[in-house]
Undergrad: 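Structure incoming, see below.
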2 protein chains.
Amino acid sequence: MELKAHQVFFRRFTDLYRPFIQKTADILAEEGLTLPQWSTIRLIAEQEEMTPAELASKQYVEKPTVSRTVQQLLELGLIETRQGRDRREKKILLTDEGNQIYEKASRAIEKLEREVSDGISEQEMDAMSGRFAEMRRRL
Amino acid sequence: MELKAHQVFFRRFTDLYRPFIQKTADILAEEGLTLPQWSTIRLIAEQEEMTPAELASKQYVEKPTVSRTVQQLLELGLIETRQGRDRREKKILLTDEGNQIYEKASRAIEKLEREVSDGISEQEMDAMSGRFAEMRRRL
DNA sequence: AACTATAGTTAGTTTCGCTAACTAATCTTA
DNA sequence: TAAGATTAGTTAGCGAAACTAACTATAGTT
């Protein structure tokens with residue numbers, strides 16, 4: 001049975017995802033973080049502040065899912081909230097501690113990412129990233 | 001904050017995964033299948049028969065996880081088991097009904113995969129698949 | 001002012017991963 | 001050849017993380 005290029009692509013794509021995400025989870029566990037918590041922290045760090053609605057959209061999950069993670073991060077003292085453009089909306093930012101743990105976990109995750117992609121040029125990595133963004137827009 | 005090529009890569013990679021897998025889950029739900037069930041059926045179909053241990057290894061999960069999915073598929077009548085190389089081992093194959101549902105779901109999933117990767121050459125798809133396999137070996 | 005929409009929360013449910021512990025079968029070693 | 005170690009697979013139970021439903025409060029629209 002011969003598979004077409006896109007079929008092979010998605011098989012290799014999903015084959016890569018689980019072990020990668022598991023390794024990432026192991027690294028994060030050392031910092032006392034879960035994957036959803038990390039994903040949230042990283043988005044906030046990279047954009048300085050986000051609302052729960054934005055976080056839900058970016059991570060492709062429903063708002064109650066984000067609500068729970070935000071609650072956990074508040075309890076951990078890693079984020080704080082401020083009022084958004086009206087009294088419904090909340091802006092979420094990292095605390096000093098949140099920034100510290102972001103920096104630390106970032107280094108460890110980047111190390112993994114570097115090791116996994118070692119030997120592949122930046123040009124090729126960028127090209128693939130572009131294609132991923134393109135495909136994402138079709139979903 | 002400037003991100004390196006591999007950092008962008010893994011962000012776009014994980015950004016693509018969830019919506020893709022969710023769309024796939026929606027398609028499979030129409031056939032009454034879950035993602036783990038589909039993953040299992042597809043691996044068996046593409047290799048004619050597999051053992052639970054092989055399924056666990058290929059899908060990067062623990063054996064009890066596969067055991068449960070196999071049980072579900074047996075109850076659905078989509079697979080059957082035969083004795084393996086000894087009395088511990090089980091070979092798992094698709095039944096006629098399993099093959100039918102495999103063919104049907106396959107077509108729908110392939111359609112999604114084609115649409116998502118439309119406009120990207122087979123050469124480029126193959127190149128990316130190769131890199132995924134390479135990265136997988138480093139995890 | 002009434003209705004609709006949005007932001008976010010809470011509660012409960014389901015799915016799916018895991019670990020621990022187990023049985024049965026096979027292999028290895030002394 | 002028997003005892004110990006290993007492997008294949010199963011069962012039970014737990015926890016994480018997703019969802020839907022329903023809700024409150026706030027803002028926008030008609």
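Predicted model only: the values in this text are computed from it and were never measured. Side chains are part of it too, since the values below use all heavy atoms of this structure and drop only hydrogens, waters and symmetry mates. Below, chains carry the letters A, B, ... as their sequence lines are ordered, and counting in each starts from 1.
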Undergrad: Would you kindly give the CG-to-P distance between B/Leu28 and C/dT15, to the nearest whole Å?
TA: 15 Å
Undergrad: How many Å lie between NZ on A/Lys91 and P on C/dA7, as a whole number?
TA: 11 Å
Undergrad: Locate the shortest heavy-atom distance separating A/Lys58 from A/Leu43; write the atom from each residue and the value.
TA: CB-CD1, 3.9 Å
Undergrad: Take atom CD1 of B/Ile92 and atom C1' of D/dA8, then tell me their distance rounded to the nearest Å.
TA: 11 Å
Undergrad: Could you tell me the separation between the NZ atom of A/Lys63 and the P atom of D/dT24, rounded to a whole number of Å?
TA: 16 Å
Undergrad: For a quick test of reading the model: is some side-chain N or O of B/Arg18 closer than 4.0 Å to OP1 or OP2 of D/dC19?
TA: yes
Undergrad: When the distance from CD of B/Glu62 to P of C/dT15 is rounded to whole Å, what number comes out?
TA: 22 Å
Undergrad: NA contact type, B/Thr69, heavy-atom cut-off 4.0 Å: base, sugar-phosphate, or nothing?
TA: nothing
Undergrad: Just call it for B/Pro64: base, sugar-phosphate, or nothing, with non-hydrogen atoms closer than 4.0 Å on any strand.
TA: base
Undergrad: Contact class for A/Glu54 vs. all strands (heavy atom < 4.0 Å): base, sugar-phosphate, or nothing?
TA: nothing
Undergrad: Please say which of B/Leu78, B/Val70, B/Ile79 ends up in a side-chain contact (heavy atoms from CB on, under 4.5 Å) with B/Ile44.
TA: B/Ile79
Undergrad: Does A/Val61 or A/Gln83 map to a spot on DNA chain D nearer the 5' end, using the closest nucleotide for each?
TA: A/Val61
Undergrad: Whole angstrom is fine here: how far is it from CZ in B/Arg87 over to P in C/dC27?
TA: 11 Å
Undergrad: Ignoring backbone atoms, establish whether A/Gln22 has a side-chain N or O less than 4.0 Å from OP1 or OP2 of C/dC18.
TA: yes
Undergrad: Take atom CZ of B/Arg88 and atom P of C/dT23, then tell me their distance rounded to the nearest Å.
TA: 17 Å
Undergrad: Compute whether any side-chain donor of one residue and acceptor of the other, for B/Ser39 and B/Gln59, lie under 3.5 angstrom apart.
TA: yes
Undergrad: Does any donor atom in the side chain of B/Glu122 or A/His6 lie under 3.5 Å from an acceptor atom in the other side chain?
TA: no
Undergrad: Which of these nucleotides, C/dA7, C/dT10, D/dT10, is closest to any side-chain atom of A/Glu89?
TA: C/dA7
Undergrad: Base of C/dG12, side chain of A/Arg68 - is there a donor-acceptor contact under 3.5 Å?
TA: yes
Undergrad: Assign the ring pair B/Tyr102 / B/Trp38 to parallel, tilted or perpendicular, where the plane angle (0 to 90°) is split at 30° and 60°.
TA: parallel
Undergrad: To the nearest Å, how far apart are A/Asp86 CG and C/dA5 P?
TA: 17 Å
Undergrad: Judged by each residue's nearest nucleotide on DNA chain C, which is more toward the 5′ side, B/Leu35 or A/Lys90?
TA: A/Lys90
Undergrad: For A/Thr65 and D/dA18, is the shortest distance between a side-chain N/O and OP1 or OP2 below 4.0 Å?
TA: no
